[in-house]
Amino acid sequence: MEGDCLSCMKYLMFLFNFFIFLGGACLLGVGIWVIVDPTGFREIVAANPLLFTGAYIMLAMGAMLFLLGFLGCCGAIRENKCLLLFFFMFILLIFLAELSAAILAFIFRENLTREFFTKELKKHYLRNNDTDVFSSTWNSVMITFACCGVNGPEDFEAIPHLPYSSLEKATPEACCQRELQSREGMFVDKEACLTGVERFQNRQGCYTVILNSFETYVYLAGALAIGVLAIELFAMIFAMCLFRGIQ
């Protein structure tokens, strides 16, 4: 009976570590995507060291989980006490680090406020300058989501015009309505839009539009984070039980 219990514990340990392995692979993939993202979306928040460092933390945590999931699977199948003890100690450190990161993310969540993005937009946005990553990214976001600025077209009133647009209103070209929401989409009426005719402009701010679009995914990410912490906790329990059960 004791042998059956130990065998069951071993395979449960393997199962939980396989999930940790997959979770690490996912975090590793997301971290790499954020760092090398060709669209430059990360440039919108790159001015904040806390947010930019978060991508590297995610990358490091993903790599560690990937490695430890693999070691945990090997330790469980081979019933190696050294590997199991090594796994337990490091998964405990990762568990505490993730818990600390979640608490810090909650504390510093005000860095993602409407005011923060408005300040960064007014400071770094260069209108239709597609050679600037920050401006090009904001233009892509506004075109894709059919929105304008953070709060609306009024965000651009304090941003200087380019020389060739001195007769235009503050609204940039990316805020003009298009028949198809992409850079290749035809303008409904570009001239009217740029001279201030509101019915040819996207008047809604991007902050509200994007928040509504990704609200479900934020809750999903939170649920996944809780799930990962729970899996790690059970993995540690099974590791210790298996460690004590191996003769």
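None of these values were measured; they are calculated from a predicted model. Heavy-atom basis, side chains included; hydrogens, waters and symmetry copies ignored.
- Aromatic ring orientation, F86 versus F90: tilted (interplanar angle from 30° to 60°).
- F200 and L194 are not part of a single hydrophobic cluster, where members link through side-chain heavy atoms under 4.5 Å apart.
- For F95, the CZ atom sits in a packed shell: over 12 heavy atoms of surrounding residues, nucleotides or ligands are nearer than 6.0 Å.
- One distance of note links CD1 of I143 with CD of E173; it measures 7.5 Å at 0.5 Å rounding.
- In this structure, L126 and W138 have side chains that are not in contact, with every pair of non-hydrogen atoms separated by 4.5 Å or more.
- Across all their heavy atoms, Q177 and N202 have their closest contact at CG-OD1, 3.4 Å.
- Among T137, D155, N139, the one residue that satisfies the side chain to side chain contact (heavy atoms under 4.5 Å, CB included) test with Y125 is N139.
- Considering all non-hydrogen atoms of both residues, F156 and M142 come closest at CZ-SD, 3.7 Å.
- Across K190 and C176, no two heavy atoms sit closer than the pair O-SG, 4.3 Å.
- With a 6.0 Å radius and a threshold of 12 heavy atoms from other residues, nucleotides or ligands, M240 has its CE atom above the threshold.
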Stepwise side chain to side chain contact (heavy atoms under 4.5 Å, CB included) check, F117 with N151 = CA-CA 10 Å; F117 286 113; N151 310 287; over 6 Å; no

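- Every residue was checked against the side-chain hydrogen bond (donor to acceptor under 3.5 Å, both in side chains) condition with K119, not counting sequence neighbours, and none meets it.
- In summary, of the residues considered (C175, C148, C193), a side chain to side chain contact (heavy atoms under 4.5 Å, CB included) with P153 occurs for C148 alone.
- Cluster membership check: V197 does not share its hydrophobic cluster with M186, using side-chain heavy-atom separations under 4.5 Å among Ile, Leu, Val, Met, Phe, Trp and Tyr.
- Within a 6.0 Å radius of CZ in F19, no more than 12 heavy atoms belonging to other residues, nucleotides or ligands are found.
- Taking every heavy atom of both residues into account, F187 and E179 meet most closely at O-OE2, 4.5 Å.
- When all heavy atoms of C206 and V141 are compared, the closest pair comes out as SG-CG1, 4.5 Å.
- Pairing each heavy atom of V209 with each of F145, the nearest pair is CG1-O, 3.8 Å.
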